[in-house]
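The block underneath contains the structure these notes are about, expressed in structure tokens.
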Amino acid sequence: MSNASPDDRHRWLLALAWGLLCALILALQWWQAHARQEQEQLQLTQTVQRQMLEKVAQHKAHLTALTAVAPLDAAKESSALQHIAQSVQTIYPRVQEIQLVTAATPATGSCRAPAVAQTAAPLAPRASASLPDSLHPGHYLFLKKIAVPAGWLCVRIDASHLLDEKVLPDGSGLRIRLNGQTLLEPAAKLQQSQPFGAFTLSGYDQPLQVQLLTRPRSLLGWGAALASALISVVLVGVAHLVWQSRQQARRHQRRAQLLANEAQLAHASRVNGMGEMASGIAHELAQPVTALLSQSQAALRAHELGKPELLATALQANVREARRAGAILERMRSYVSNAPSPSQRLDLVQAVNQALLLLEGPARQAKVRLHWKPALPLCMAWADPVALEQVLHNLVRNALDALGQTQDAQAAITISLEQSGDEALISVQDNGPGMTAATAQRIFEPFFTTKSDGMGLGLPLCATLMERMGGRLEHVPGAHGARFVMHLPLDRTDLPSHDLSDR
Ligand code: ADP
């Protein structure tokens, strides 16, 4: 089960729920049937007891009537007793025999048994008693002592007719005992059956002990099992459908929530992107604006000193920086508008020469030597000259920052150019402190910086500009200092072009 798929688990759970529900419904049905059966059996016992009590009361009444006419018979004045006895036997077939036993009319048949005389003789006049008939199984004798003539009345009763036919349903029967002896047993197939009701008839001198028996029958049939299986299938199916629709509603709700979250996230990222862009513009413009300021201050100084040649140089530098600032803004605009970079066929040797012109001053100030070693006299590639200069400028500025911390007299930055396959590789290597592996992992993340005044946008912007030109910027980890390599697609056409942009 531990490796089961969610679908399998789901199926197992459904089957388990179905089984449990089926068992529960069956148990309920059994409990209902059992309660119903108990109720029916109680009612049957009460019916049997009522009927039998009526019958034994009738016997007592017959004997009372016969006792009243017995003296007349004895005096031979009438044969009323004979008449009444005959009509009783005719109307009530269970009364099999009625005898008046006196010294003059001795008993015959069952009434002659010694036990009869033993039972009847000690009775007080008008008292009655009963005992099993030893000659007729299933019959009992009901005796009543009479004073005139001295003797007793002996009535033989068939116990099997004490109950109307069809009162007992099929599969049930009676066991009747009298004075500790069994009078009547149920049919053989019922003899081992469970008794479900018992009583003793009292009050009419025929203390018959009656037991009702029934064949055990199963309370639940195949029909009930099938019904509970079907009901549980339907219930589990409905519950499953309800559960599924709730799950689906929950999934829809979650999806809607997710979409709302995504929309919020997209909005936040757009806002964030705008901030990033503003920081990027400020970062890139800081260098030309600072240069403009210092060159303008130099120009003012030259003007004060009356040195027109120095003034012209400072103003020329200002023009260059202002153009650069304009070009940066133009790049930023194209970056925002997602427009492709206007790459052109470019001689990288010349382009790097040009870019380094602007970096010589800051390098001198930082007392860092700049080594520029192109391996080839000419290297034609596809690149955007302004973007290329921006990237180179950023890489050299970062190297100068790193070397500024060392105060090393040997501090140097080496820029090299070579070809590899279809690519031109411009590498910027310094011999500064380099960076830790953890720093190296994050340098292309926007806003990652280790400098107190850094913005962490230089390298991410360089990487973007390189990608726009169809190239890439790579940091190559090494033992000494830091090394960045710019990859640019080579232009393989035979005609070299010197169509450099105007700066
Ligand atoms: P910033 O210069 O504003 O910090 P960058 O994106 O240009 O942003 O650089 C990110 C980080 O990369 C720097 O803060 C620095 O830790 C590291 N880094 C870049 N160039 C070098 C280098 N040449 N030597 C050592 N660390 C460098």
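This chain uses plain numbering: 1 for the first residue, then up along the sequence. First listed ligand is number 1; within each ligand, the first listed atom is number 1.
Neither the backbone nor the side chain of Leu395 has any atom closer than 4.0 Å to an atom of ligand 1 (non-hydrogen atoms only).
Below 4.0 Å from some heavy atom of Ala399 lie the following atoms of ligand 1, by number and element: 23 (N). Residue-ligand proximity, Pro460 to ligand 1, at heavy-atom distances under 4.0 Å covers atoms 6 (O). Close approach of ligand 1 to Phe448 is summarised as follows: ligand atoms under 4.0 Å from at least one heavy atom of the residue are 10 (C). Near Ala482, meaning under 4.0 Å from one of its heavy atoms, ligand 1 places the atoms 22 (C), 23 (N), 24 (N).
Heavy atoms of Asp430 approach ligand 1 to within less than 4.0 angstrom. Contact analysis puts Phe484 in contact with ligand 1, with a non-hydrogen atom separation below 4.0 angstrom.
Checked by atom type, the side-chain pair Gln247/Arg250 shows a donor-acceptor distance below 3.5 Å.
With respect to atom 2 (O) of ligand 1, the closest heavy atom belonging to the protein is Lys451 NZ, 2.7 Å. Nearest protein heavy-atom neighbour of atom 8 (O) of ligand 1: Gly456 CA, 3.2 Å. At the shortest separation from atom 25 (C) of ligand 1 among protein heavy atoms lies Gly434 O, 3.5 Å.
A side-chain donor-acceptor contact under 3.5 Å links Asp430 to the backbone of Ala482.
By the neighbour-count criterion of 12 heavy atoms within 6.0 Å, atom NZ of Lys451 is densely surrounded, having more than that number from other residues, nucleotides or ligands. Heavy-atom neighbours of Glu309 CD from other residues, nucleotides or ligands within 6.0 Å: above the threshold of 12.
When side chains are defined from C-beta on, Thr439 does not count as touching Arg442, because their heavy atoms never get closer than 4.5 Å.
Ion pairing between a basic and an acidic side chain is recognised when a charged N comes within 4.0 Å of a carboxylate O; Asp408 and Lys367 show no such pairing.
Nearest-heavy-atom check against atom 13 (C) of ligand 1 across Val428, Ile413, Thr450, Asp401 picks out Thr450. Here atom 4 (O) of ligand 1 lies nearest to Thr449 when heavy atoms of Ile443, Thr449, Leu461, Asn398 are compared. The closest heavy-atom contact to atom 18 (N) of ligand 1, among the options Glu445, Met435, Arg483, comes from Met435.
For Leu459, a nitrogen or oxygen atom sits less than 3.5 Å from a nitrogen or oxygen atom of ligand 1, counting backbone and side chain alike.
Only one option out of Leu13, Leu21, Leu16, Ile231 pairs with Val236 in a side chain to side chain contact (heavy atoms under 4.5 Å, CB included); it is Leu21.
When every heavy atom of Pro169 is checked against every heavy atom of Leu44, the shortest pair comes out as CD-CD2, 3.6 Å.
Separation of the His240 and Trp18 ring centroids does not fall under the 6.0 Å cut-off.
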